[in-house]
Amino acid sequence: MCRFPQEPNSSNIRWIIFGKKASEVLASDQFEPWYYFETVEQYSEEFAKGVVANQSIQSGTTIGRKTTITLYVSKGSASEPLPQLVGKT
């Protein structure tokens, strides 16, 4: 994560948000002065429900102030394991 000591005209994203809890990222005032976030929920077999599975702008990309970054938030697995029914009547 990075903090800017003064307002930049553009910044180089040096952090990666995916893998972090979306609720923590969106509640943090660390990013508010610099970026807008929008969220898109999608199923993910790799990330637990509520975790950022990807972001629209990759680390190292130069962007302007108040750029919108899309956070792809996991809805969890698309499939659910079947319950064990053997021996149940």
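Positions are given from 1, in the same order as the sequence printed here.
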Please check if the side chain of Gln55 supplies one atom and the backbone of Ile57 the other of a donor-acceptor pair under 3.5 Å.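 Side chain of Gln55 to backbone of Ile57: a pair is present.
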How many angstroms lie between CD in Glu46 and CG in Asn54, if you round to the nearest 0.5 Å?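 Going from CD on Glu46 over to CG on Asn54, the span is 10.0 Å.
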Nearest heavy-atom approach of Thr68 to Ser56 is O-OG, 4.4 Å
How long is the straight-line distance from CZ of Phe37 back to OG1 of Thr67, given to the nearest 0.5 Å? 10.5 Å
Nearest atoms (heavy-atom pairs only) where Tyr43 meets Ala78: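 Heavy atoms only, the tightest pair is CD2-CA, 3.5 Å.
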State which residues pass side chain to side chain contact (heavy atoms under 4.5 Å, CB included) with Glu24; sequence neighbours excluded, sorted by chain then number. Lys21
If you draw a 6.0 Å radius around CD in Glu45, do more than 12 non-hydrogen atoms from other residues or ligands fall strictly inside?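 Yes, CD of Glu45 has more than 12 neighbouring heavy atoms, counting only those of other groups under 6.0 Å.
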Linking directly or through intermediates, with side-chain heavy atoms under 4.5 Å: list the remaining ILVMFWY members grouped with Tyr72, chain and number order. Val40
Working to the nearest 0.5 Å, report the span between CD1 of Ile69 and OG1 of Thr39.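 Between atom CD1 of Ile69 and atom OG1 of Thr39 there are 13.0 Å.
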Closest heavy-atom contact between Ser74 and Gly76? OG-N, 2.8 Å
